[in-house]
There are 2 protein chains.
Amino acid sequence: MRRKVTLKQIAKELDVSISTVSKALRNSIEISEDTRQKVQAFAKLYNYRPNNIALSLKNRKTKTIGIIIPEIVHHFFSKVITGIELVANKRGYNVIVGLSNESFDKEVINMQMLANGSIDGFILSIAKETLQQQDYHHFTETINQGMPIVMFDRVVNEIPCDKVIVDDINGAKKAVEKLISTGCKNIAIITTKDYVSVGKLRTQGYLEALEDHKIHPKSSLILKIEDKLLSDDHLDILEKEIEQLFKSNKSIDGVFAVNELYAVTAIKVARKLGLEIPKSLQVVSFTDGVLSKHSTPSLTTVSQHGQQIGEKAADLLINRLELEETDEEEEEIYETVIIETDLIERESTK
Amino acid sequence: MRRKVTLKQIAKELDVSISTVSKALRNSIEISEDTRQKVQAFAKLYNYRPNNIALSLKNRKTKTIGIIIPEIVHHFFSKVITGIELVANKRGYNVIVGLSNESFDKEVINMQMLANGSIDGFILSIAKETLQQQDYHHFTETINQGMPIVMFDRVVNEIPCDKVIVDDINGAKKAVEKLISTGCKNIAIITTKDYVSVGKLRTQGYLEALEDHKIHPKSSLILKIEDKLLSDDHLDILEKEIEQLFKSNKSIDGVFAVNELYAVTAIKVARKLGLEIPKSLQVVSFTDGVLSKHSTPSLTTVSQHGQQIGEKAADLLINRLELEETDEEEEEIYETVIIETDLIERESTK
DNA sequence: TTACCTAGCGAAAACGTTTTCGTGTTAAGA
DNA sequence: TCTTAACACGAAAACGTTTTCGCTAGGTAA
């Protein structure tokens with residue numbers, strides 16, 4: 001087992017100085033053709049590669065991006081990571097992942113672990129607990145220390161940083177309009193409590209779509225689920241709540257669910273109640289994940305283009321990192337990119 | 001914007017030496033109570049944190065684990081990452097993720113990027129292309145340079161490293177035995193071509209289960225799918241193949257699918273052909289993902305405990321890293337941990 | 001008084017690079 | 001022969017730590 005070879009070892013072996021080796025490997029004109037060849041041959045033989053850590057220390061940058069997301073076992077977030085990784089790698093960066101698990105403390109700790117030199121900047125989506133507590137000091141501190149952040153999906157406006165968001169309102173509008181245009185008169189929404197920003201926005205889109213078509217929203221058709229129910233353990237509670245919704249509103253002919261799970265659960269319940277889909281009940285969901293595509297009936301859904309979001313976020317971050325490099329005057333102008341959604345029509349609507 | 005403060009700056013500010021500051025912060029007895037308090041107060045005020053990169057360089061270890069997986073938009077792999085991240089964080093390590101995208105080249109490049117000092121060891125699952133080409137030099141080279149590897153799920157025996165694998169054979173046996181015990185007489189398997197190691201093993205389990213029950217396997221009931229069809233674009237081809245299987249074998253009353261997608265697709269096709277599930281056709285799948293749980297009917301499935309695999313892999317790797325540290329004599333004894341599967345019974349079987 | 005100990009601190013090396021700034025040798029020009 | 005310039009290379013600093021080893025001043029023991 002031979003350890004990784006260093007410049008020093010090569011220098012010693014060839015009886016030249018470290019500087020000479022370094023220069024020879026970088027094809028400096030200062031070094032004679034002879035020496036250069038000798039060094040390069042030797043380096044190749046021993047498979048020399050510069051030590052990244054030493055380079056990071058010297059250059060004061062790591063060429064690594066830190067990602068903090070609430071969870072990874074989630075179609076949308078893993079798609080985003082795929083996108084980030086794609087452009088990061090293309091542009092010579094690595095990606096280091098921290099999971100907040102929707103917890104404020106873990107988010108803070110994870111950011112501290114990474115902010116001490118391990119990475120050049122963050123791409124993150126805020127934990128639910130953080131959104132609830134509205135404590136964002138760890139973000140501002142990080143930014144104040146000169147480390148740029150790009151937020152995606154779950155963002156807060158008061159933080160000065162680039163952001164990549166989904167057009168939740170319009171996405172929801174598209175979904176509801178689809179239901180309206182196919183003849184639904186009583187459209188229910190299954191959404192989350194308002195502190196989940198995306199839930200709130202999608203609810204808003206739902207209301208706007210109804211308003212645009214002169215339909216008066218009924219509060220009995222708006223079901224707000226306590227978000228913790230997303231965890232699988234509470235699936236039965238979720239089912240009960242939805243069943244209650246259907247039973248007390250027999251006239252429902254369309255459902256807009258703000259995520260896949262709510263949608264498939266709604267379908268499951270509806271079937272149990274003898275409703276036929278899409279004939280007597282149409283369903284549209286948000287988030288185009290594996291469930292939408294492969295459940296029966298497959299779901300008409302609003303696609304958020306997670307990968308594209310990741311790609312954009314990575315580009316924004318790296319652009320800013322490399323701009324700082326040349327122009328020490330950083331402009332404090334931050335961008336908010338909105339990624340448009342698409343409505344993907346499948347079997348759950350007419 | 002104030003940049004991160006360093007020992008040097010604190011030293012200058014307080015008019016002491018760098019060594020004194022360092023020692024004071026680490027509560028060395030060499031430093032007087034007075035100085036210690038002064039330094040610690042100052043450090044706290046300016047929120048001093050040691051620079052990770054400098055520590056990594058000095059200690060010759062990064063406290064970071066490199067993960068290379070074929071893809072991340074996949075329930076099993078993201079579960080594994082969750083597990084790795086969990087114990088890594090608990091034990092003071094970070095996690096850096098590389099995606100091979102099932103490509104040999106990307107696997108090699110990713111490993112090279114990380115192996116140059118960025119990480120202390122790898123946890124990985126081999127890309128399909130690598131398995132096909134059977135070129136494993138990048139693994140042996142990494143190991144020869146003194147960097148430990150832990151492989152999980154898709155492993156090759158000839159590489160000297162710790163491994164964490166699923167008991168695919170027994171998992172498949174459990175699945176098939178479930179079908180047999182509920183009265184199935186003609187059990188088909190939908191699997192992958194043999195170069196995918198896990199597909200091969202699950203097929204083997206299927207055959208063994210049949211044999212154990214004196215059932216003669218029929219080659220017409222074994223459908224081997226070209227694995228590239230897993231990508232969504234080829235869904236229709238997959239459907240056609242399965243339809244063909246059912247049509248030419250009307251007597252099939254049980255299906256064992258080696259992954260969720262094959263299973264739900266089989267169910268879809270079966271329904272189209274008028275088969276009732278689980279009454280006239282029972283289905284068991286491998287991999288307990290989101291589809292199994294939430295599709296209708298929900299799937300009886302073999303759970304691989306991805307998170308547990310991740311946790312175990314991380315523990316194995318970190319144990320080895322910290323063993324190297326104390327005892328320079330590394331024992332070249334590698335462990336292969338087998339994680340048992342569980343059969344989770346749901347609606348797709350009787 | 002001499003010798004010695006100890007508390008408290010600083011200098012310097014080391015981790016592996018890159019880069020700036022010498023410096024010595026040789027050959028060409030005057 | 002002397003000056004100068006090009007050439008080829010080396011020394012050293014810097015990135016931010018930790019740690020070993022010395023050093024000094026003051027105190028204690030003989």
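Each chain gets a letter, A, B and so on, in the order its sequence line appears, and its residues count up from 1.
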Enquirer: Going 5' to 3' on DNA chain D, which nucleotide is the first and which the last to come under 4.0 Å of a heavy atom in chain A?
Expert: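 Both ends considered, the range comes out as D:dA8 to D:dG16.
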Enquirer: When all nucleic acid strands are considered with a 4.0 Å heavy-atom cut-off, which category describes A:K23: base, sugar-phosphate, or nothing?
Expert: base
Enquirer: Mark yes or no for whether A:N51, through its side chain, and A:I53, through its backbone, hold a donor-acceptor pair below 3.5 Å.
Expert: yes
Enquirer: Tell me whether A:D135 contacts the main-chain N or O of A:H137 through its side chain, where contact means a donor paired with an acceptor under 3.5 Å.
Expert: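 Side chain of A:D135 to backbone of A:H137: a pair is present.
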Enquirer: Over 60° means perpendicular and under 30° means parallel, so classify the ring planes of A:H138 and A:F104, tilted if in between.
Expert: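 Perpendicular.
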Enquirer: Quick one: on DNA chain D, does A:E33 or A:S19 contact a more 5' nucleotide (nearest heavy atom)?
Expert: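 So the residue in question is A:E33.
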Enquirer: Regarding B:R154 and B:E102, does a basic nitrogen lie under 4.0 Å from an acidic carboxylate oxygen?
Expert: yes
Enquirer: Taking the axis from the first five pairs and the axis from the last five, what angle separates them in the helix from C:dT1-D:dA30 to C:dA30-D:dT1, rounded to 10 degrees?
Expert: 80°
Enquirer: Which word best sums up how the rings of A:F139 and A:Y136 line up, parallel for under 30°, tilted for 30 to 60°, or perpendicular for over 60°?
Expert: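 Parallel: the ring planes of A:F139 and A:Y136 meet at under 30°.
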Enquirer: Starting at the 5' end of DNA chain D, which residue's closest nucleotide do you reach first, B:E30 or B:N59?
Expert: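 Per heavy-atom nearest nucleotide, the more 5' residue is B:N59.
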Enquirer: Step by step, work out the salt bridge (Lys or Arg N to Asp or Glu O under 4.0 Å) result for A:R320 and A:E335.
Expert: CA-CA 11 Å; A:R320 188 165 293 276; A:E335 209 175 327; over 6 Å; no
Enquirer: 5'-most contact on DNA chain C: B:A54 or B:R36, nearest heavy atom basis?
Expert: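 By nearest-heavy-atom nucleotide position, the 5'-most residue is B:R36.
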Enquirer: How would you label the contact of B:I31 with the nucleic acid (heavy atoms, under 4.0 Å): base, sugar-phosphate, or nothing?
Expert: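 Sugar-phosphate contact only.
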Enquirer: Looking only at atom types and distance, does a side-chain atom of B:S28 sit under 3.5 Å from a main-chain N or O of B:A24, one as donor and one as acceptor?
Expert: no
Enquirer: Under 3.5 Å, which donor-acceptor pairs do the side chains of residues 5-16 of chain B form with other protein atoms, sequence neighbours left out?
Expert:
unit_1: B:T6; atom_1: OG1; unit_2: B:K8; atom_2: N; d: 3.3
unit_1: B:T6; atom_1: OG1; unit_2: B:Q9; atom_2: N; d: 3.3

Enquirer: Answer yes or no: are there more than 12 heavy-atom neighbours, outside B:K79 itself, under 6.0 Å from its atom NZ?
Expert: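 No, the 6.0 Å shell around NZ holds no more than 12 heavy atoms from other groups.
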Enquirer: NA contact type, B:S22, heavy-atom cut-off 4.0 Å: base, sugar-phosphate, or nothing?
Expert: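 Here B:S22 touches the bases of the nucleic acid.
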Enquirer: So what does A:S56 touch, heavy atoms closer than 4.0 Å: a base, only the sugar-phosphate, or nothing?
Expert: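 Nothing, no heavy atom under 4.0 Å.
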Enquirer: Over all strands shown, is A:L55 touching base, sugar-phosphate only, or nothing at heavy-atom distances under 4.0 angstrom?
Expert: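 Here A:L55 touches the backbone only, sparing every base.
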